[in-house]
Amino acid sequence: LVAYVDALKAKDYETMYSKISEESKNTTTKEDFIARNKNIYEGIEASNLSINIVQVTEEGNKAQIVYSTTMQTVAGQMSFSNTANLVKNAENGYDIEWSSSLIFPELQEDYKVRVETLEGTRGRILDRNDVVLAGMQTASSIGLVPGKMGENKEEDIARIATLLDISEDTIQNALSASYVKDDTFVPLKTVQKGEQELKNQLLEISGIKIIDTTARVYPLGEASSHLLGYVQTINAEELKENANKGYTNTSVIGKTGLEKIYEDTLKATDGAEIYIVDAEGNKKKTLAKKQEQNGKDIKLTIDSTIQQKLYNQLKEDKAAAVAMNPNTGEILALVSCPTFNSNDFSLGMTTNQWNRLSQDEAKPLYNRYLQTYVPGSGFKPITGAIGLDTNAFTAEEDFGTSGTKWQASNSWRDFYVTTLTTYSGPANLQNALIYSDNIYFAKAGIKIGKQNFMNQLNALGFSKKISFEQELGMSTYSNSGSFETETQLANTGYGQGELLVNPVHMAMIYSSFANEGNMLEAYLMYKEDKTPTYYAEQVFSKETANTIKEDLIQVVENPNGTAHSAKIDGVTIAAKTGTAEIKDSKEDTEGTELGWFNAFTADKNAQNPLLIVSMVEDVKNKGGSHYVLDKIKPMFE
């Protein structure tokens, strides 16, 4: 019996067969014996099998062994007692009198062992108002029943391929699979439940059948895809990396976005039941059962209405935008455009779809709000605040008129800082912000000085990893970690040079102007306690922060302000426009431009406070930053 069990553990079914009696062999062929044992033991994923012999009784040429068996299975540990009857053979050893009951005591010859997977449900991703952003929902599986197809099969297959955006070969291969019979439903593609027009067109074709199925669905589609990511079937490498975590080769796993980041929370663990059925299929006994475990929901600070609206405003552009509550740090929306649709991945991405996505020069798979960009004039309020706090200058100090072209000294040779417009008032901080005076802020950078500027930027989180649920690109002010020249310092003052800022980080810095100098920590996971958490308190003094806020209000309220067109009756907005020049080299006379519009509701008691940092690529000849302003203004209306 021990030798028989050792062979079973080694999956050596032929040796097992050699241990059974001649009489047993007369009633069970080797092929049947091997098939029955292999199908059952491997079907239940038996492992770590061991027996403990309780009693041995010998009488004449027979023996009886009472023993207990323990094994691990797909449905957890299984333990039971059994009895083996043995008979002496010609060599004076013993052979096992075999029947199906040796596998399980209750298993008769015409009974079968079944394994049923008890599917757990993946946790949902919810917005702040419990609106489902990702969840298991009913979808539509579209397929063909071969026997119901019409006479013009080739034409019908070509039409189906066009409608489903799949190749004709894909359909032909599915129909020619070995399991397919005339009445078999052959699934071709899963689509969202609501695609009624597509379904109506398909149902005009003979043989098409549409059935309900359950799938991971993302109701906002493109509007939330970079944020949420998507799930797909686990691959071999992921299965190996996540060994002993309850995954099987049919499990789904988060591949990108929050689906990946919160995989351990969202994932469900399937259960299983192993049971015996009689010849008619009636359940006779449950041998082992492991209950499924559903994944846990996660709730975000995201407002799905704001997320959708902000996406709609920017979907035609290459853009990134962050919407935050300026009083709490809650992220209300995160948008990257162009984008993809998470549903296409989770329901089944076709080759055609993947080729279009991966080869698109606009990079729809690239998450822009995680990257860093030249901030242009949107950075000027930060330079101004640093200047005030380091006592490099006062808000009222007049830097003097310099026209539209200026250099600090002849040592700059042929390099000049230029600005677009002149103005009649003093060149003080408020006017410099209202008119977006590059020369003022170049002078400000020099007045602040290399070390003070670096120290203050470091305190704001530059050259550091900002803690956030998704990994943000690191904001930096210099490729070398220092200001190498006076011109670099001057250029940084008005948001150029080697300066690169992440949009989420920029929103955090701007929050300090709305919070008397306290810089908020941005966060995505919803919490009932709205007490703000600060990245750093008093990054600017209260007086400095309020001065900058009041000046940014004038950028909108003053008729000469660069953001005056953002003025909305009944809403007080503080804002700054920015147009950053991007050039490949000093010789590049054309280049391209990034447009920025950074704005927040300045009233601390506003009913729906909002702070938005937005950036659009390639705005040259489109109106620069005003192109972005026009896109974002409706968010505050």
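Predicted model, so just to flag it, every value in this text is computed and none were measured. The chain is numbered in sequence order, starting from 1.
The salt bridge (Lys or Arg N to Asp or Glu O under 4.0 Å) contacts involving residues 540-562 comprise Glu516-Lys542, Glu557-Lys567, where partners must be two or more places apart or lie in separate chains.
Under the 4.5 Å side-chain criterion, counting only non-hydrogen atoms from C-beta, Lys443 is not in contact with Asp437.
A side-chain donor-acceptor contact under 3.5 Å links Tyr627 and Asp317. Between the side chains of Glu238 and Tyr247, no donor-acceptor pair is found at a separation under 3.5 Å. A side-chain N or O of Thr592 and one of Asp618 form a donor-acceptor pair less than 3.5 Å apart. Between the side chains of Thr487 and Thr485, a donor-acceptor pair is found at a separation under 3.5 Å. With hydrogens and angles left out, the side-chain atoms of Tyr477 and Asn458 include a donor and acceptor closer than 3.5 Å. Defined by atom type and a distance below 3.5 Å, a donor-acceptor pair is missing between the side-chain atoms of Thr390 and Asn452.
Salt-bridge annotation for Glu263 and Lys245: absent, with no side-chain N of the basic residue lying under 4.0 Å from a carboxylate O of the acidic one.
Closest non-hydrogen pair, Ala408 versus Trp406, comes out as CA-CZ2, 3.5 Å. Contact between Thr328 and Tyr523 at its shortest, heavy atoms only, is O-CE2, 3.4 Å.
For the pair Lys405 and Tyr416, the cation-pi criterion (under 6.0 Å, within 45° of the ring axis) is fulfilled.
Ring orientation note: the planes of Phe513 and Tyr510 are nearly perpendicular, at an angle over 60° on the 30°/60° scale.
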Ring pair (Phe, Tyr, Trp, His ring centres under 6.0 Å) between Phe340 and His226: does it pass, once the steps are laid out?
CA-CA 8 Å; Phe340 56 92; His226 277 294; 5.0 Å; yes

Take Tyr440 and Tyr435, measure what ring pair (Phe, Tyr, Trp, His ring centres under 6.0 Å) needs, and give me the verdict at the end.
CA-CA 10 Å; Tyr440 175 95; Tyr435 292 95; over 10 Å; no

With salt bridge (charged side-chain N to carboxylate O under 4.0 Å, His left out) as the test, would you mind laying out the steps for Glu593 and Lys622 before giving the verdict?
CA-CA 10 Å; Glu593 291 178 351; Lys622 289 183 181 178; over 6 Å; no

